[in-house]
Amino acid sequence: MRKKYWLPVYLALLLFLFYSIMAATAIGSVPIPVKDTVRVILSRFISLETSDISRNTVSIIWNLRLPRVLLAALIGASLALSGVSFQGLLRNPLADPYTIGVSSGAAVGATAAMFLRQLTGLNFPQMIPLFAMAGAFAALFFIYNMAKIGGKVPVVTLILGGVVVSSFLSAIISLLMVLSGENMHGIYFWLSGGLILRSWPQLWFVLPYLILGFIVLFFYARELNVLLMGEEVALTLGINVERTKKVLLFVASVVTAAAVSVSGMIGFIGLIIPHAVRIITGPDHRVLLPASALVGASFLVWSDVAARTVLAPQELPVGIITAFVGAPFFIYLLRKKKREISL
Amino acid sequence: MNINIENLSFYYGETEILRDISYTVPQGRFVGIIGPNGSGKTTLVKLLSRLLTPTTGRILLGDRPLADFTQNSLARMIAVVHQETGTEYQFTVEEVVLMGRMPYLRRFQSESSADYEIVNRSLAITGCTELRRRKITELSGGEKQRVMIARALAQQPQILLLDEPTSHLDIGYQQEILELVKNLTTEGITVVAVLHDLNLAAYFCHELLLLHEGRIKACGQAAAVLTTEKIEEVYGIRVLVTPHPVFGTPQVSLLPGTRERGALRKTRHVHIIAGGGSGGELMRDLVQAGYYVTAGVLNIGDSDWEAARALGLPVISEAPFSGVSEERHRDNLKIMNNSRAVVLAEIPLGHGNLLNLQAALTAAKEGKKVFILEENPRRERDFTGGRGTELLGQIREAAVICRDKAELYRKLAMIEGLAGTNAVFKESGR
């Protein structure tokens, strides 16, 4: 509750994230000492003598690894952040960024982009992210308006609508995959989620949404807390519930859509990171939101390291790693706490 | 601050929920809303808290319409303790109570020490100070409810609305919560609460508002609202309203439910000879089991006479503190003659009621089924110097002796045609 009390936690999580980024940049098919990695990165900001490090190494760090690691951190933070928001907003422990169908919308958009490219040869920079974004928004507006009853959006209809629309969109994706024939592998790989060949452009694509999204969500943290007590309670505490829901839904969806657009469907982060963090911090969103973002970022950084190295030189979709690590970890948390999981 | 309700009606779609409610809740009063399920109590509270909007009519706080307030300024004026509050989330008690400061905080403002001071006071008033670090999920029902009231108090409201604040609590917590709430009125807070328990409502509230089918059936002081006629009409039950033995506020006691008894007269008639408190429970059980019960001869004012009267049974009555007269004895024989069975309760035997024993003996000799209830056979209850015991002995020869009520009920149920189809005891009797 009191900020000072949580400051050490934030600092520790930030330090760990910083360490994770440095270490993850150092790890790869060409091992680079962590010390050199730090020096190369810092040399961009302060004058540092790096002439003893080969241009090749600098290039690997700067053009290949660092953007990818940073992107992993951003995506992990985005998914965890929107996961917290959806769980709190929908008052449902099973909610995650994919619950209300936004990610399925993004997936259809991306699949359609790949299908179109194959069919017509149409191509332009950022084609897949832009299509994915469009798909996500189309899904969000469809579901929101479908769930709207007399100016209000009941949480249950929203969840049910999201689940139904997701199933429908999944069918469309399957259809597109079948129709795309030999290109099916590419679509499948995208859907599994991964950061291969992603670099600075994708990073700049995601960053503004994450920053703006975080600011808005953090300012609504107190409302999120009160909403957990029920909508009627929130109303009698002076909160404009429908407007708050609309804002939070929109912002969390935008953050999700941006992340999914560049990385594909990376599962589990939005579900388990909020729960794991909540067990430690409690349900106060003023702590939960930033802490989840930091933990989510570190988690995806390390998951991507595993995706790159486990079957090197072959790369795995990072979604496989998050599921492989996330599911057992979640079960462990459940069993260890030996209590009903709640928000 | 007064709450003025003016010609308020509320329709849910086409269904009328509340119709033409007008009432003024004066500042600093504790008003209880009572009425059967579906009478519109909760709807009225939701209208007062603006969770619902009236179809017609309006509500004024002082002279300002409720609709004119912003959501935030309303939250500073009115606090609500809801029927069900989501408490499955692991907030600490302090965090929950701090939420009551929400209407006073701007978006980027964090809680000041003044806010914490108010939270501390709310916790202290409700006796929750010790609980402040506990998780809300770990608390008992009564503690949770106190925390919810503390949160409401942290809003520093002028009006407190409570929807069944004690419905899941035991009698100790009910008293605790209602005393707490009533004390708030001494600080000028106006309290409106939906209450289910009529006796608690009568005991604690300054005024009552009895709703029936969406309209005000009665309002004002408890004595004027809780009358036998009104309760029987509104709830469809039979009750006895007596003054509280100490304070004189009305107390509502239940009586066995209404039944069409006329038709039972011929087939299911059981006559009870009792007195001195030996027959009250018996009468109630038999009435509940669907028998047509008569009693006599009983002295006016005897506790069994009171019981029979309260149950609405036909009674052969004798003047207070006098022996059974020949006249009443004959009445007794006549009514007994129409009965299918006679039950002689475990009465004290005195000179005054020897004629009642005589009546039982007459019935037994005429072949009527007579049951003697004798739960404490060793107890000395003959105050006639042997005459009573002698008479009883004669009755015993022709009667069935039952050692407890359950045995009596079983044996009654076995009489052909007496038990009827809906007799409760028949199923349990073997």
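By convention in this document, chain letters (A, B, ...) are assigned in the order of the sequence lines, proteins followed by strands, and residues within each chain are numbered from 1. These numbers come from a predicted model, not from an experiment.
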What residues form a side chain to side chain contact (heavy atoms under 4.5 Å, CB included) with A/Ala323, not counting sequence neighbours? A/Phe268
For the side chain to side chain contact (heavy atoms under 4.5 Å, CB included) test, which of A/Leu235, A/Ile239, A/Asn240 pairs with B/Gln71? A/Leu235
Using a 4.5 angstrom heavy-atom cutoff, name the option from B/Ser49, B/Ser73, B/Pro103 with the most pairs to chain A. B/Pro103
Side chain, backbone, both or neither: which part of B/Leu51 has an atom under 4.5 Å from a heavy atom of chain A? side chain
What do the steps show when you test A/Thr236 against B/His82 for side chain to side chain contact (heavy atoms under 4.5 Å, CB included), and what is the final call? CA-CA 10 Å; A/Thr236 56; B/His82 301 262; 3.3 Å; yes
Proximity breakdown for A/Glu223 and chain B, heavy-atom pairs closer than 4.5 Å: both
Heavy-atom count check: over 12 atoms from other residues, nucleotides or ligands less than 6.0 Å from A/Phe142 CZ? no
Among B/Met99, B/Arg101, B/Glu111, whose side chain to side chain contact (heavy atoms under 4.5 Å, CB included) with A/Arg222 holds? B/Glu111
Between the CZ atom in A/Arg278 and the CD atom in B/Gln90, the distance rounded to the nearest 0.5 Å is 10.0 Å
Flag the pair A/Met229 / B/Val96 as yes when at least one side-chain heavy-atom distance between them is below 4.5 Å, and no otherwise. yes
Closest approach of A/Gly238 to B/Ala75 (non-hydrogen atoms, all atoms of both residues): N-CB, 3.4 Å
Should we say atom CG of B/Asp68 is surrounded by more than 12 heavy atoms from elsewhere, each under 6.0 Å from it? yes
Would you check, one step at a time, whether the test side chain to side chain contact (heavy atoms under 4.5 Å, CB included) holds for A/Asn225 with B/Met102? CA-CA 11 Å; A/Asn225 289 346; B/Met102 189 85 195; over 6 Å; no
Among B/Val80, B/Thr70, B/Ile78, the residue with the most heavy-atom pairs under 4.5 Å to chain A is B/Val80
Hey, is CZ on B/Phe69 packed in by over 12 heavy atoms from elsewhere, all under 6.0 Å? yes
Heavy-atom neighbours of B/Tyr12 OH exceed 12 at 6.0 Å: no
